[in-house]
Chemist: 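After the structure tokens below, expect a handful of questions from me.
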Amino acid sequence: MTSSVLTNDFVKLWNQIASAAHEALERVGQSGQVILGNEVASFEREIAQRTSRLHGIGVANGLEAIEIALVAAGLKPGDGVITTPMSAFATTLAIVRAQGVPIFVDVDKEGLLDLSLVPVAVGSHPHARFIVPVHLYGFPLNLADLKEVCLRHKLVCVEDCAQALGATWNDEVVGSVGCSAALSFYPTKNLGALGDAGAIVTSDHRMNECIRSLRDYGQTGKYKHDLLGYNSRLDEVHAAILLTALLPSLDKWTGRRREIAHAYLSGIQNHHIRIPTPPRESNPVWHLFPVLVHQPLRDEFRSFLSQRNIMTGVHYPFLACDQPAMRDIRFGTVGSLTNARRFAAEQVSLPIHPFLTDEEIEHVVTEVNSWNPVQGS
Ligand SMILES: *Cc1c(COP(=O)(O)O)cnc(C)c1O
């Protein structure tokens, strides 16, 4: 194998979408409308439909999608927001920027927020009013349990679906359970734009109006500002490219990710490596393919693969609550976050982007199976 097996391949992507992307750009130019035009409106309808929602609202990125969704859901400064410390830092950053107080709960054996600990979090943090669960790696949380725990503890739920558009639990799609859900179209995501983009979906009409106003300086009519809002609009050009160059291939790309995941799940056999396997009710979209390698062998495993031209990632090496940026920020924790710390120390992401060739997939399986840390690399 001469060329590297990459974790993402943006050039292959471009070569597949170039002519459709040029067409989309031309359409926007000819329309004379470059902000909040028909392309954004059409893309919003598609995204709402794919998450079984009545409304989709395009915003500038996933971070602001979470922040604006929380503000629109009525978060007040000091409200507790239950979440996971094992996620992109943006999840926590959005909560802090919205002036919520993150309450970090440990993760389960797949690395997802452990819903069975939510009652403990509510018991020890009476100001907890919100929950931001993350469908990490493209694995859906148990949506039935999520709904139940929110109902029982009167928690307002904003789902972080940045990694999981299209993932289902018992045929119910992620993003359809909370009062709203946040999506990111950051280039590495399963539906990745040619730049930054995001969206919020909801079925609540009032929340829809509020989010539309918040993303556009808090305007409720021309030059009339009822709210202190943001400039967080989704660009018309990005919406046009997402709509006709990227979205039509999403199902095909997700199908390919599932094929690769299947090949890894059935092909990888190495007792030094544990693969978190999602339960049967879950149909993940495999944003990432996480494996766990016992501490302190992770670096050795990664450099072994890198020497064989296989790139890997770590998602994520630090917990949100341990980040230096959180030093002077108020937050709560439940228990000692043992599982989350194990993920931070042991997780490795194998390549799983949809443009991997069969040969590359086989190469990954063969090399992962041949790794034997006892003999060294
Ligand atoms: C990418 C990501 C975000 C942030 O999205 P941006 O568009 O990069 O701002 C938030 N949460 C999770 C889980 C993510 O993976």
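Every number for a ligand or one of its atoms is a count from 1 in the order of the listing.
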Chemist: Return yes when S87 approaches ligand 1 closer than 4.0 angstrom through a heavy atom, no otherwise.
Modeler: yes
Chemist: Out of S184, G192, A164, whose heavy atom sits nearest atom 7 (O) of ligand 1?
Modeler: S184
Chemist: Hey, can you pull the donor-acceptor pairs under 3.5 Å for the side chains in residues 139-147, sequence neighbours left out?
Modeler:
| from | atom 1 | to | atom 2 | distance (Å) |
| --- | --- | --- | --- | --- |
| N142 | OD1 | A144 | N | 3.1 |
| N142 | OD1 | D145 | N | 2.9 |
| N142 | OD1 | W169 | NE1 | 3.4 |
| N142 | ND2 | D145 | OD2 | 3.1 |
| K147 | NZ | E172 | OE1 | 3.2 |
| K147 | NZ | E172 | OE2 | 2.6 |

Chemist: Would R256 and D358 pass as an ion pair if we require N to O under 4.0 Å?
Modeler: yes
Chemist: Taking atom CD1 of I131 and atom CZ of R129, what is their separation to the nearest 0.5 Å?
Modeler: 14.0 Å
Chemist: Check ligand 1 against A90 and write out every atom of the ligand that is under 4.0 Å from a heavy-atom position of the residue.
Modeler: 3 (C), 4 (C), 10 (C)
Chemist: Nearest heavy atom to atom 9 (O) of ligand 1 wins, so pick from L183, L63, V59.
Modeler: L63
Chemist: Of the listed options (H135, Q163, E67, E64), which comes nearest to atom 15 (O) of ligand 1 when hydrogens are ignored and any heavy atom counts?
Modeler: Q163
Chemist: Any heavy atom of D196 sitting closer than 4.0 Å to ligand 1?
Modeler: no
Chemist: Nearest non-hydrogen atom to atom 12 (C) of ligand 1 belongs to which of A65, A162, A94?
Modeler: A162
Chemist: Please confirm whether H287 approaches ligand 1 to less than 4.0 Å, judged on its heavy atoms.
Modeler: no
Chemist: When you compare ligand 1 with I66, is there at least one nitrogen or oxygen pair between them that comes in under 3.5 angstrom?
Modeler: no
Chemist: Does a donor on one side chain and an acceptor on the other come within less than 3.5 Å for S370 and R308?
Modeler: no
